[in-house]
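The structure follows.
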Amino acid sequence: MVFAVVIIGELLAFILTLAPLNMAQQRWNNLALISLFIQWNGLMCSGVLCLLRPFIKNYSQQFIAVSSYLSVLLMLTVLSELTFYIMQLYAITDIISTTSHWEFLAHNLLIGGIIGALALRYFYIQHQWRLKIEAESCTKLQLLQARIRPHFLFNSMNSIASLTRTRPDVAERITEDLAELFRMILRDNHELITWSREKELSQRYIDIEKQRLGERLSIQWQTDAIPDNALIPALLIQPLLENAIFHGIEPEITGGSIIVSGELDSSQLKAPQLKISIQNTNSKNLIHRQGNKMALSNIRERLHTHFPGNASITCHEKDDIYFAIVTMPYQHKPDE
Amino acid sequence: MKILIVDDEPLARERLVHLLTEINQENQFIEASNGLEAIEQVNNEEPDIVLMDIRMPGMNGLEATKHLMNIDNPPAIIFTTAYDEYALQAFESQAVDYLLKPIRKERLEKALNSCSKLNKVQLEQLGLQNREISYRTHISAQIRGTLFLVAIKDIYCFLADHKYVTVKYDKEGILAETIIEDTLKSLEEEFATSFLRIHRNALIRKDNIEALQKQNDGRMLLKLRGLPEGLEVSRRHFSSVRKLMKT
């Protein structure tokens, strides 16, 4: 950043020197003086901003912007005054001979104010850009992890390894289920699929987990109200089931139950809405396991892509039951 | 060798039994599906080696291990896990034996042959690095060689008396007490969210306070639900008791 300040300052000095057309002889002398003044200003302002950083970094962006700008202007005023005083003292009057004290100050503040604002804006945008790059690379990874919980993968592998000896037919089926699920998970799932397909995938998933958890996992599907050809984003339900198992079933010795229910709400005047809710008995264990909130934010994002502003996912807990409710506009695949 | 297999998933246990039989026909197995059962089995069967899953309902493997380490002659413990990013880092750094599921036979064999006993320092470090799963749900005490557990939710108070700390708790509706090895100070730190120090020698469960009574001689006594005698509140801890009772 400091390097950028030096470069910007020097460019400004050049512009200021070259701008007037009529002082050919003194130009290089002036450049030196102007550079000196500008570099002082630039570096002092950077220094002050660095010192300010710990005090203002916790405030809002507006506050930071205004306070940085004001401190730059303040530094400019102080340095201008100092410069004026020094120049008078050593009688370097070439530049300021024609100008009064106040004119000199106003002149500096005006130029400094404009350039300072531009420079701050430039650094702000650069900072935002860097954040965006970081966020993007991070999201890609999180996206993948939101789709695959490593726990699930390795536990399933272990189940298969065990079943291969004793019940090869079950092992075979689970491997097929796992393959089908992962084929969908690894696809860039930007598409809408029918409810019947989504339900099938979710049941494959539950099948795999049931091998592992046995009687501890019980699930009910109360989804007859959802038309089979209703369209929903692919793998919307599976991550919610995964969350329910991770937080509600696994931590309890006796396990728990999950209820998936759905309704088609066409009573309102507006377009019909599809509502799917997943509820699970929540673990009463002292400390909740750290889950990945990524699954939820991933679903939220995908709902927004498909139905901007019209779909939502909300979660709440009531009487030890945890609810995740997805609402979205009802769309359906045309009948073939 | 007598081996205790602790895992909440039947399939995982089944696989280990198969592998262990292949390694040595003479191995004996016992199984447990969570930490509480594991402790019971260790008490009854005194296994040589425990294969301990980390994430389990009821009581997790790390806590069960903590309790087992209090026995005079604890079994060797080998942790097993399918995936635990943070726990694994901790194991690596503490050079603690662990096996990744699905476990390879050769790897298991090697672990059985070379397993060394955990020491308390290693275990403490593991706890520090895995705060999420290193809390205790029980307090353990050793009575005549067997390990005995008291659920934290059943405890009324801890009282320090000369050398020992006594814990008073509800045992199926009856007031019971036992001596434990923990110090009041460490208990106070560990259970700061649910227990409060009211005197140099007393730590009480916060949600069990009934009333605060002033005695004729000026002393303050705190009544707890289910505990007949009141406990003295020292002047130093009086304000924190009052603050708690107001909220």
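Convention: sequence-line order gives letters A, B, ...; per-chain numbering from 1. Quick caveat, the model's predicted, so the values are computed rather than measured.
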- Query: So which of B:K153, B:E14, B:R13 has the largest heavy-atom pair count under 4.5 angstrom toward chain A?
  - Reply: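 Most pairs with chain A among the choices: B:E14.
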
- Item | Residue B:D8 versus chain A: region with a heavy atom under 4.5 Å |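 For B:D8, backbone and side chain are both near chain A.
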
- Query: Would you say A:K275's side chain and A:S261's backbone share a donor-acceptor pair under 3.5 angstrom?
  - Reply: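 Flag not set: sc A:K275 to bb A:S261 has no pair under 3.5 Å.
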
- Message: Under a 3.5 Å threshold, yes or no: a donor from one side chain and an acceptor from the other, between B:H18 and B:E22?
- Response: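 Short answer, no.
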
- Query: Any chance the rings of A:F152 and A:Y205 have centres within less than 6.0 Å?
  - Reply: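 For A:F152 and A:Y205, the ring centres are under 6.0 Å apart.
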
- Item | Lys/Arg-Asp/Glu bridge criterion (N-O < 4.0 Å) met for A:E180, A:R173 |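 No, no charged N to carboxylate O under 4.0 Å.
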
- Heavy-atom pairs under 4.5 Å with chain B are the metric here; pick the option from A:S162, A:A161, A:S159, A:G255 that has the most.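 Answer, by heavy-atom pair count under 4.5 Å with chain B: A:S162.
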
- Item | More than 12 heavy atoms of other groups within 6.0 Å of A:R53 CZ |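 Check fails, neighbour count at 12 or below.
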
- Message: At a 4.5 Å cut-off on heavy atoms, which part of A:R165 comes close to chain B: side chain, backbone, both, or neither?
- Response: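 Just the side chain, heavy atoms under 4.5 Å.
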
- Query: Side chain, backbone, both or neither: which part of A:L213 has a heavy atom under 4.5 Å from chain B?
  - Reply: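 For A:L213, no heavy atom lies under 4.5 Å from chain B.
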
